[in-house]
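Predicted, not measured: the structure shown is a model, and the values here were computed from it. In what follows, chains are A, B, ... by sequence order, proteins preceding strands, each numbered from 1.
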Amino acid sequence: MPELPEVETTVRGLRPVLEGARLTLVQPRRGDLRRPFPEDLGQRMTGARVTALGRRAKYGLIDTDRGDTMIFHLGMSGRWRVDPAELLPHDHLILETDTGRRLALNDPRRFGSVDLVRTDSVLAWPPFAATGPEPFDPGFTAAYLKDKLAGRIAPIKAMLLDQKVVAGLGNIYVCEALFIARISPKREAGRISLAKLEKLVAAIHEVLIAAIEAGGSTLRDYARPDGELGYFSKQFAVYGREGEPCAGCAGVVRRYADGGRSTFWCPSCQK
DNA sequence: CATACATCCTGTTCGC
DNA sequence: TGCGAACAGGATGTAT
């Protein structure tokens with residue numbers, strides 16, 4: 001489930017633990033997640049000092065003073081456990097620092113990934129090369145979307161999930177943003193007016209900011225040894241609320257399966 | 001190129 | 001009560 005807000009919250013939580021620290025141990029505990037760990041991950045990262053942490057799309061970036069960037073993806077079920085008292089099943093990668101901190105990348109479903117690229121080549125890394133603008137990039141505007149979606153007959157929901165259109169959105173926040181903008185997830189993407197796209201851009205900003213703030217407010221919990229990441233779930237207007245009253249009209253939230261994915265929406269007010 | 005769909009993975013939830 | 005089926009879904013590969 002980690003989408004942009006959860007990855008951003010994770011990066012902000014890792015920053016005070018890792019930034020400036022030297023890595024004394026970088027140890028995979030199995031060979032692979034979604035794909036194999038880089039063979040030289042331990043060799044290249046052990047002894048390096050972490051200089052910065054960042055995020056691109058749904059990936060977290062850990063820069064070192066050796067000119068390497070470790071890129072992690074949390075997949076569906078991934079999270080970093082901070083200072084765990086003991087290692088658990090699915091702790092697939094362990095980091096230790098010269099400041100006495102320990103991190104475990106735990107990912108039961110193993111949809112996540114860890115890659116290692118040269119920092120000066122991060123933007124050319126294949127998964128990033130085709131990735132669209134960040135939602136808060138000044139270039140992500142209604143005009144941009146109008147151009148990008150021109151002629152597209154696919155539903156707007158599918159287009160927003162496409163990382164080449166905009167980076168960082170997943171099923172949950174796409175559903176929420178379309179609800180806020182009162183746009184049906186089934187609407188043909190190329191036939192949405194500029195005015196509606198302006199509402200959509202604003203809705204995406206609104207829902208992401210609220211989710212990041214909700215996550216940020218729970219950083220203290222996240223940092224607990226057995227801590228949980230704070231999610232936005234209690235504030236979802238439509239996601240997971242099939243059959244419940246719509247928060248914005250007299251309608252009822254409905255669900256349909258689209259390519260095996262659930263879409264939640266209010267047919268009464270999303271047109 | 002655009003679109004649709006299958007695949008990966010495992011803990012949790014649901015129905016019979 | 002138990003057990004199998006369904007479900008969660010991001011990235012990627014294949015098919016049309």
List the atom pairs, with distances to 0.1 Å, where a side-chain N or O of residues 14-28 of chain A and a protein N or O form a donor-acceptor pair under 3.5 Å, not counting sequence neighbours.
unit_1	atom_1	unit_2	atom_2	d
A:Arg15	NH2	A:Leu53	O	2.6
A:Arg22	NH1	A:Gly47	O	2.6
A:Thr24	OG1	A:Glu96	O	3.1

Sugar-phosphate, base or nothing in reach of A:Leu33, heavy atoms under 4.0 Å: nothing
Contact state string [nucleotides 10-16 of chain C, B base, S sugar-phosphate only, - no protein heavy atom under 4.0 Å]: BBS----
Sugar-phosphate only, base, or nothing, as touched by A:Ser262 at under 4.0 Å among non-hydrogen atoms: sugar-phosphate
Qualifying residues under side chain to side chain contact (heavy atoms under 4.5 Å, CB included), relative to A:Glu242, sequence neighbours excluded: A:Arg255, A:Phe264
Outermost nucleotides of DNA chain B that come under 4.0 Å of a non-hydrogen atom of chain A: B:dA2 to B:dG11
Axis bend over the full length of the helix from B:dA2-C:dT16 to B:dC16-C:dG2, computed from five pairs that close each end, to 10 degrees: 60°
Of A:Arg110 and A:Arg152, the one whose closest DNA chain B nucleotide lies more 5': A:Arg152
Salt bridge (charged side-chain N to carboxylate O under 4.0 Å, His left out) contacts touching residues 260-271 of chain A (sequence neighbours left out): none
Non-neighbouring partners of A:Ser77 that pass side chain to side chain contact (heavy atoms under 4.5 Å, CB included), sequence neighbours left out: A:Asp107, A:Pro108, A:Arg109
Results of side chain to side chain contact (heavy atoms under 4.5 Å, CB included) for A:Ala181 - residues two or more places apart only: A:Ile183, A:Lys199, A:Leu200, A:Ala203
Side-chain donor-acceptor pairs under 3.5 Å in residues 137-146 of chain A, sequence neighbours left out?
unit_1	atom_1	unit_2	atom_2	d
A:Asp137	OD1	A:Gly139	N	2.6
A:Thr141	OG1	A:Ala143	N	3.4
A:Thr141	OG1	A:Tyr144	N	3.1
A:Tyr144	OH	A:Val165	O	2.7
A:Lys146	NZ	A:Ile192	O	2.8

Side-chain ion pair, A:Asp68 and A:Arg118, N-O less than 4.0 Å: yes
Please tabulate, for the side chains in residues 150-160 of chain A, all donor-acceptor contacts under 3.5 angstrom to protein atoms that are two or more places apart in sequence or on a different chain.
unit_1	atom_1	unit_2	atom_2	d
A:Lys157	NZ	A:Asn171	OD1	2.6
A:Lys157	NZ	A:Thr263	OG1	2.7

A:Phe264 CZ - C:dA8 C1' separation (whole Å): 10 Å
Any pair counted as side-chain hydrogen bond (donor to acceptor under 3.5 Å, both in side chains), so long as it reaches residues 121-135 of chain A, sequence neighbours left out: A:Arg55-A:Glu134, A:Arg56-A:Glu134
Scan the side chains in residues 30-39 of chain A for donor-acceptor partners under 3.5 Å anywhere in the protein, sequence neighbours excluded, and list what turns up.
unit_1	atom_1	unit_2	atom_2	d
A:Arg30	NE	A:Asp32	O	2.8
A:Arg30	NH2	A:Asp32	OD1	3.2
A:Asp32	OD2	A:Arg110	NH2	3.3
A:Arg35	NE	A:Asp115	OD1	3.1
A:Arg35	NE	A:Asp115	OD2	3.2
A:Arg35	NH2	A:Ser113	OG	3.4
A:Arg35	NH2	A:Asp115	OD2	2.6

Any A:Val82 side-chain heavy atom under 4.5 Å of A:Arg101 side chain: yes
Sugar-phosphate, base or nothing in reach of A:Arg30, heavy atoms under 4.0 Å: nothing
